[in-house]
Amino acid sequence: MKSTLAILGCLALCSLTASAQKEHADKGKPMTDQQFLDMAAQTDMLEAHLGQMAADQAASQDVKDYASMLVTDHTGDYQQLTALAAKDGLTVPTGLDAAHDKMIAPFEKLKGAAFDSRYTHEMIAGHTEAIGVFTKESSDAQNADVKAYASATLPTLNKHLDAAKNLSKKPSPSTK
């Protein structure tokens, strides 16, 4: 039962970015710049939080190092978003919303190799989805600064995805 709940929670994590974009696509409307900034900021905060959890809960030093990179990169990205929003009269959330906060719960119950496996899987899925959204926004955003931000962020997201894929190929240490 616990593993079923963890799987369901993790599936929600990787589908959030896609569902935010799909919701707008289904209505025939692209995301607004504000919606994109909200999604990007929530993702930054979630990834930084999960990365901090990995420092304590992951078994593999490689996963811990990857998570540390994500904490650094997503914290820096959030600061960039904040500056961009202030410049262009937009806002960014300052804390996780209820949906993102709820996504953390399944990870709180995982330790060691189980955490590593699920975290790596979710980072692959989440970054794949984020790359799709950022690629779309790099051409579709209304604001030139938002377009430039989306384009400039893509190499970092691709670096994160490639690193997560490399992690998934490494053998997991045994659960402690």
Side-chain angles (χ1 to χ4, degrees), residues 1-22 36 38-81 93 95-138 149-176:
M1 179 69 175
K2 283 183 182 180
S3 66
T4 302
L5 291 175
I7 291 168
L8 290 174
C10 293
L11 290 174
L13 173 65
C14 68
S15 68
L16 181 70
T17 302
S19 67
Q21 185 180 13
K22 185 177 180 338
F36 173 69
D38 288 345
M39 181 277 307
Q42 288 292 331
T43 301
D44 283 338
M45 289 185 288
L46 179 65
E47 298 238 357
H49 187 90
L50 290 174
Q52 290 168 340
M53 289 176 71
D56 294 327
Q57 294 173 223
S60 164
Q61 188 59 49
D62 289 335
V63 170
K64 290 179 181 191
D65 292 345
Y66 173 79
S68 177
M69 175 185 66
L70 263 58
V71 169
T72 299
D73 290 353
H74 283 285
T75 300
D77 191 71
Y78 180 82
Q79 292 168 347
Q80 250 188 316
L81 274 177
L96 287 172
D97 60 21
H100 285 86
D101 199 39
K102 189 176 181 182
M103 291 176 201
I104 293 168
F107 287 93
E108 291 172 343
K109 297 173 172 78
L110 297 174
K111 300 257 188 253
F115 182 94
D116 293 0
S117 176
R118 184 52 57 188
Y119 179 74
T120 302
H121 173 77
E122 294 308 325
M123 292 303 103
I124 292 169
H127 283 92
T128 300
E129 294 296 337
I131 289 166
V133 173
F134 276 70
T135 299
K136 184 164 177 39
E137 289 304 305
S138 70
Y149 159 78
S151 293
T153 305
L154 280 167
T156 302
L157 294 174
N158 279 302
K159 174 183 81 169
H160 293 172
L161 176 59
D162 291 343
K165 286 178 178 179
N166 287 336
L167 281 176
S168 73
K169 295 174 187 172
K170 294 184 178 186
S172 301
S174 60
T175 306
K176 294 180 179 178

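Side-chain atoms are counted along with the backbone in the values below, which use heavy atoms only and exclude waters and symmetry mates.
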Undergrad: For the residue pair L50 and M123, establish whether any side-chain heavy-atom pair is separated by less than 4.5 Å.
TA: yes
Undergrad: Scan for salt bridge (Lys or Arg N to Asp or Glu O under 4.0 Å) pairs involving residues 50-61, sequence neighbours excluded, and state none if there are none.
TA: none
Undergrad: Hey, what do you get for CD1 (I124) to CD (E129), rounding to the nearest 0.5 Å?
TA: 13.0 Å
Undergrad: Testing the basics here: between P93 and A41, what is the closest heavy-atom pair and its distance to 0.1 Å?
TA: CD-CB, 3.6 Å
Undergrad: Out of curiosity, M39 CE to D97 CG, how far, rounded to the nearest 0.5 Å?
TA: 12.5 Å
Undergrad: Could you grab the distance from atom OG1 of T153 to atom NE2 of H160, nearest 0.5 Å is fine?
TA: 10.0 Å
Undergrad: List the atom of A150, the atom of F134, and the distance in Å for their closest heavy-atom pair.
TA: CB-O, 3.6 Å
Undergrad: Where do V63 and A58 come nearest, in terms of heavy atoms and distance?
TA: CG1-CB, 3.7 Å
Undergrad: How many angstroms lie between atom CZ of F115 and atom CG of L110, to the nearest 0.5 angstrom?
TA: 7.5 Å
Undergrad: Using 0.5 Å steps for rounding, measure from the CD atom of Q52 to the CD atom of E47.
TA: 12.0 Å
Undergrad: In Å, rounded to the nearest 0.5 Å, how long is the span from CD1 of I104 to NZ of K102?
TA: 13.0 Å
Undergrad: Let me see the working for L96 and L46 under side-chain contact (heavy atoms from CB on, under 4.5 Å), right down to the final yes or no.
TA: CA-CA 7 Å; L96 287 172; L46 179 65; 4.1 Å; yes
Undergrad: Looking only at non-hydrogen atoms, find the nearest pair between A48 and T75 and report the distance.
TA: CB-OG1, 4.1 Å
Undergrad: Considering non-hydrogen atoms only, spot the tightest contact between Y66 and A164 and give its length.
TA: OH-CB, 3.5 Å
Undergrad: Suppose we screen for side-chain hydrogen bond (donor to acceptor under 3.5 Å, both in side chains). Which residues come up paired with N158, at least two apart in sequence or across chains?
TA: none
Undergrad: Any side-chain to backbone donor/acceptor pair from D116 onto S60? Under 3.5 Å, distance only.
TA: yes
Undergrad: Has the side chain of Q42 got a donor or acceptor atom that lies under 3.5 Å from a matching backbone atom of G95?
TA: yes
Undergrad: Do the side chain of H74 and the main chain of L70 share a donor and acceptor less than 3.5 angstrom apart?
TA: no
Undergrad: Tell me every residue that passes side chain to side chain contact (heavy atoms under 4.5 Å, CB included) with S151, counting only those two or more places apart in sequence or in another chain.
TA: S138
Undergrad: Give me each pair satisfying salt bridge (Lys or Arg N to Asp or Glu O under 4.0 Å) with a member in residues 157-166, each pair once, sequence neighbours excluded.
TA: D73-K159
Undergrad: Taking the six-membered ring for Trp and the single ring otherwise, decide whether the centroids of H100 and H49 are under 6.0 Å apart.
TA: no
Undergrad: Return the set of residues passing side chain to side chain contact (heavy atoms under 4.5 Å, CB included) with T135 (not counting sequence neighbours), or none when no residue passes.
TA: I131, L154
Undergrad: Looking at residues at least two apart in the chain, or sitting in another chain, which of them share a side chain to side chain contact (heavy atoms under 4.5 Å, CB included) with Q80?
TA: D77, Y149
Undergrad: For K64, is there any backbone N or O sitting under 3.5 Å from a side-chain donor or acceptor partner on S68?
TA: no
Undergrad: Answer yes or no: is there a donor N or O on one side and an acceptor on the other, between the side chain of Q57 and the main chain of F107, under 3.5 Å?
TA: yes
